[in-house]
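This report refers to the structure that appears directly beneath it.
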There are 2 protein chains.
Amino acid sequence: MDVRTLCLGVLALGESSGYEIKKTFEQSFHHFFGASYGSIYPALAELERAGWVEVEAVEQSKRPDKKVYRMTRAGRLALEERLAAEAPRHRVRSEFLVLMYFAHLLPPNRPAAVLDAMIERMTHTLEVEFSTCDAGDAELTPGQRFALGYGRAVYTAALRYMHEQRDDFLAEVAATDAAGPGWPDGGLAVAGE
Amino acid sequence: MDVRTLCLGVLALGESSGYEIKKTFEQSFHHFFGASYGSIYPALAELERAGWVEVEAVEQSKRPDKKVYRMTRAGRLALEERLAAEAPRHRVRSEFLVLMYFAHLLPPNRPAAVLDAMIERMTHTLEVEFSTCDAGDAELTPGQRFALGYGRAVYTAALRYMHEQRDDFLAEVAATDAAGPGWPDGGLAVAGE
DNA sequence: GGGCCCATGTAATTAGTTACATGATTAT
DNA sequence: ATAATCATGTAACTAATTACATGGGCCC
């Protein structure tokens with residue numbers, strides 16, 4: 001699935017500008033789909049070329065003009081077709097877990113710093129992204145509630161695991177460091193970058 | 001982080017061929033990092049060019065030759081440098097959750113099929129990938145145990161959530177379908193692809 | 001005066017997948 | 001016989017990120 005389809009999906013929920021779509025990605029899709037301006041704006045242009053969305057330039061007082069996109073009937077059908085044909089993959093790419101996996105090759109304080117930063121980040125996400133509609137979720141579609149609840153369940157479990165394991169894990173890594181060929185190892189070649 | 005670094009990481013755990021590295025990716029990294037032959041073999045060639053690994057061609061009886069890669073001292077330093085400089089990102093791209101999010105736009109039986117397939121897939125992963133070293137994890141580094149435990153925690157939580165929500169979610173989606181503009185909508189334009 | 005929010009876009013680069021190409025052996 | 005496993009690699013393509021480019025308004 002590409003960003004084009006996702007943008008069309010956002011537009012299925014209501015008209016929006018490129019900038020606002022990016023906000024939606026950050027607020028609602030963050031835990032399962034990411035996209036930058038560099039992919040959103042070209043995607044929107046292509047959707048227009050295909051006739052799946054229409055644009056209206058909205059002048060704003062003391063703001064740059066806004067281009068508000070609205071899905072067409074053809075766009076709706078195209079979206080349904082795309083979704084129906086979509087293979088439901090589920091990929092994670094986590095440099096965080098790679099770093100934990102190779103924790104014994106990191107400089108002494110890095111594993112703790114990386115782990116704590118992730119704990120903080122996920123705690124924040126849990127508070128901000130997943131609590132917004134905690135009880136009053138009447139406005140959401142079943143799918144939105146499901147995806148949100150999934151994220152909440154997973155983040156909660158991840159945080160619980162990280163809290164539980166943190167101290168033991170860090171101690172064991174330190175012990176492994178001491179046993180193996182430690183970090184300041186040749187010493188010099190590491191400074192730059 | 002690119003596949004090059006990960007291959008070097010695998011080689012830090014012991015010598016290996018491209019084919020075996022792929023197996024390692026599938027067995028150990030599957031839940032947080034994926035890579036295909038199309039990226040592994042070129043990566044290995046680059047690592048060799050850089051002097052970070054050495055190759056030995058191993059003849060085999062009744063098998064194609066195997067190229068066994070071994071990390072060099074320079075490779076070890078390069079790996080540590082890379083890992084030290086690495087920003088610990090954590091990205092998920094899930095067409096599965098996109099499909100659930102837009103479940104009301106799917107043909108009637110698709111949400112259930114997709115959800116059940118994911119439940120089955122994750123159940124299988126939990127049994128195969130995460131149980132192998134359930135108690136006897138003496139051989140593993142702390143990092144390996146941490147990453148494995150993380151995956152197990154997350155998959156377990158995801159499965160619990162999906163089991164808990166399944167029936168209600170599916171019923172609500174069906175109800176939304178009935179209310180809104182349903183799937184066999186124009187009817188025709190959907191057959192192909 | 002510095003930094004963030006609004007707002008849109010392009011170009012260069014990076015990084016990866018999929019399909020192709022080959023071919024013997026082993027298990028069902 | 002048919003599929004899976006072992007084994008390596010390339011070429012075409014897809015898709016996205018990052019950095020660049022621009023500029024006013026608002027808040028501290």
Side-chain angles (χ1 to χ4, degrees), chain A residues 1-8 10 15-27 29-30 32-49 53 55-69 82 85-87 89-95 98, chain B residues 1-8 10 15-27 29-30 32-49 53 55-69 82 85-87 89-95 98:
Chain A
M1 184 168 321
D2 52 22
V3 176
R4 267 202 315 297
T5 310
L6 251 282
C7 286
L8 200 51
V10 174
E15 58 175 45
S16 195
S17 66
Y19 189 83
E20 288 161 356
I21 286 174
K22 177 76 175 351
K23 288 272 116 88
T24 305
F25 270 89
E26 279 160 14
Q27 283 157 25
F29 300 150
H30 167 247
F32 64 91
F33 207 99
S36 60
Y37 289 126
S39 57
I40 291 172
Y41 284 119
L44 255 13
E46 284 172 57
L47 291 177
E48 201 201 342
R49 245 177 283 144
V53 299
V55 207
E56 185 195 353
V58 176
E59 284 180 62
Q60 297 187 118
S61 58
K62 308 181 177 180
R63 286 267 168 238
D65 275 16
K66 192 195 276 199
K67 288 172 83 172
V68 174
Y69 291 85
R82 290 285 190 102
E86 189 66 38
R89 292 194 293 188
H90 181 84
R91 288 159 297 172
V92 180
R93 165 136 313 186
S94 175
E95 274 89 38
V98 173
Chain B
M1 184 169 317
D2 53 24
V3 175
R4 266 200 317 296
T5 310
L6 252 281
C7 286
L8 201 51
V10 174
E15 59 176 45
S16 193
S17 67
Y19 188 83
E20 288 161 355
I21 286 173
K22 177 78 177 349
K23 287 272 116 85
T24 304
F25 270 89
E26 278 159 16
Q27 282 157 24
F29 300 151
H30 166 247
F32 64 91
F33 207 98
S36 59
Y37 290 125
S39 58
I40 290 172
Y41 284 118
L44 255 13
E46 285 172 57
L47 291 177
E48 201 202 340
R49 245 177 284 145
V53 299
V55 206
E56 185 196 351
V58 176
E59 281 179 64
Q60 299 187 118
S61 58
K62 308 181 178 183
R63 287 271 167 234
D65 276 15
K66 193 196 277 200
K67 289 171 83 172
V68 174
Y69 291 86
R82 290 284 189 102
E86 190 66 39
R89 292 194 294 187
H90 181 85
R91 289 159 295 173
V92 180
R93 166 137 313 186
S94 175
E95 274 89 39
V98 172

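Convention: sequence-line order gives letters A, B, ...; per-chain numbering from 1.
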Interatomic distance where [atom1] belongs to [X] and [atom2] belongs to [N] [whole Å]:
{"X": "L47(A)", "N": "dG9(C)", "atom1": "CG", "atom2": "P", "result": "13 Å"}
{"X": "R63(A)", "N": "dG25(D)", "atom1": "CZ", "atom2": "C1'", "result": "6 Å"}
{"X": "I40(B)", "N": "dT10(D)", "atom1": "CD1", "atom2": "C1'", "result": "15 Å"}
{"X": "Y41(A)", "N": "dT10(C)", "atom1": "OH", "atom2": "C1'", "result": "12 Å"}
{"X": "E86(A)", "N": "dA15(D)", "atom1": "CD", "atom2": "P", "result": "10 Å"}
{"X": "M1(A)", "N": "dT17(C)", "atom1": "CE", "atom2": "C1'", "result": "17 Å"}
{"X": "D65(A)", "N": "dG24(D)", "atom1": "CG", "atom2": "P", "result": "14 Å"}
{"X": "E59(B)", "N": "dA24(C)", "atom1": "CD", "atom2": "P", "result": "17 Å"}

Side chain of [X] (C-beta onward), nearest among [options]:
{"X": "Y69(A)", "options": "dA16(D), dT18(D), dG9(C)", "answer": "dG9(C)"}
{"X": "Y37(A)", "options": "dT18(C), dT18(D), dT8(C)", "answer": "dT8(C)"}
{"X": "K67(A)", "options": "dG16(C), dT8(C), dT8(D)", "answer": "dT8(C)"}
{"X": "P42(A)", "options": "dA7(C), dT17(C), dT10(C)", "answer": "dT10(C)"}

Within the structure, does a side-chain N or O atom of [X] lie under 4.0 Å from either OP1 or OP2 of [N]?
{"X": "K22(A)", "N": "dA7(C)", "value": "no"}
{"X": "S36(B)", "N": "dT17(C)", "value": "yes"}
{"X": "Q60(A)", "N": "dA7(C)", "value": "yes"}
{"X": "Y19(A)", "N": "dT8(C)", "value": "no"}

Return the minimal non-hydrogen interatomic distance between [X] and [Y], and the atom names on each side.
{"X": "E26(A)", "Y": "H30(A)", "answer": "O-CB, 3.1 Å"}
{"X": "L44(B)", "Y": "G18(B)", "answer": "CD2-CA, 3.6 Å"}
{"X": "M1(A)", "Y": "F33(A)", "answer": "O-CZ, 4.1 Å"}

Exercise for review: For the residue pair F25(B) and F29(B), categorise the inter-ring angle as parallel (less than 30°), tilted (30 to 60°) or perpendicular (more than 60°).
Suggested key: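 Correct class here is perpendicular.
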Point to revise | Given DNA chain D, 5'-ward residue of the pair A35(A) and P64(A), judged by closest heavy atom | key: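 The residue closer to the strand's 5' end, by nearest nucleotide, is A35(A).
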Practice item. Map V68(B) and S39(A) onto DNA chain D by nearest heavy atom, then report which one ends up closer to the 5' terminus. Key: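 Per heavy-atom nearest nucleotide, the more 5' residue is V68(B).
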Practice item. Pick base, sugar-phosphate or nothing for R91(A), based on heavy-atom distances below 4.0 Å to the nucleic acid. Key: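 No contact.
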Review point. So what does R4(B) hit on the nucleic acid, given a heavy-atom distance under 4.0 Å: a base, only sugar-phosphate, or nothing?
Key: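 It contacts nothing in the nucleic acid.
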Exercise for review: In plain terms, say whether E86(A) and R82(A) are close enough for a salt bridge, that is, a side-chain N and a carboxylate O under 4.0 Å apart.
Suggested key: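 Salt bridge absent between E86(A) and R82(A).
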Practice item. Identify whether the distance between the nearest side-chain nitrogen and carboxylate oxygen of E95(A) and R91(B) falls below 4.0 Å. Key: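 Looking at E95(A) and R91(B), the cut-off is met.
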**Study point:** Difference in axis direction between the ends of the helix from dG1(C)-dC28(D) to dT28(C)-dA1(D), five pairs, 10°
**Key:**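 Comparing the first five pairs with the last five, the axes sit 50° apart.
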Practice item. State, yes or no, whether a side-chain contact exists between V98(A) and T5(B) at a heavy-atom distance under 4.5 Å. Key: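 No; the side chains remain at least 4.5 Å from each other.
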Check your understanding: More than 12 foreign heavy atoms under 6.0 Å from CD of E59(B): is that the case here?
Key ->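 No, not enclosed.
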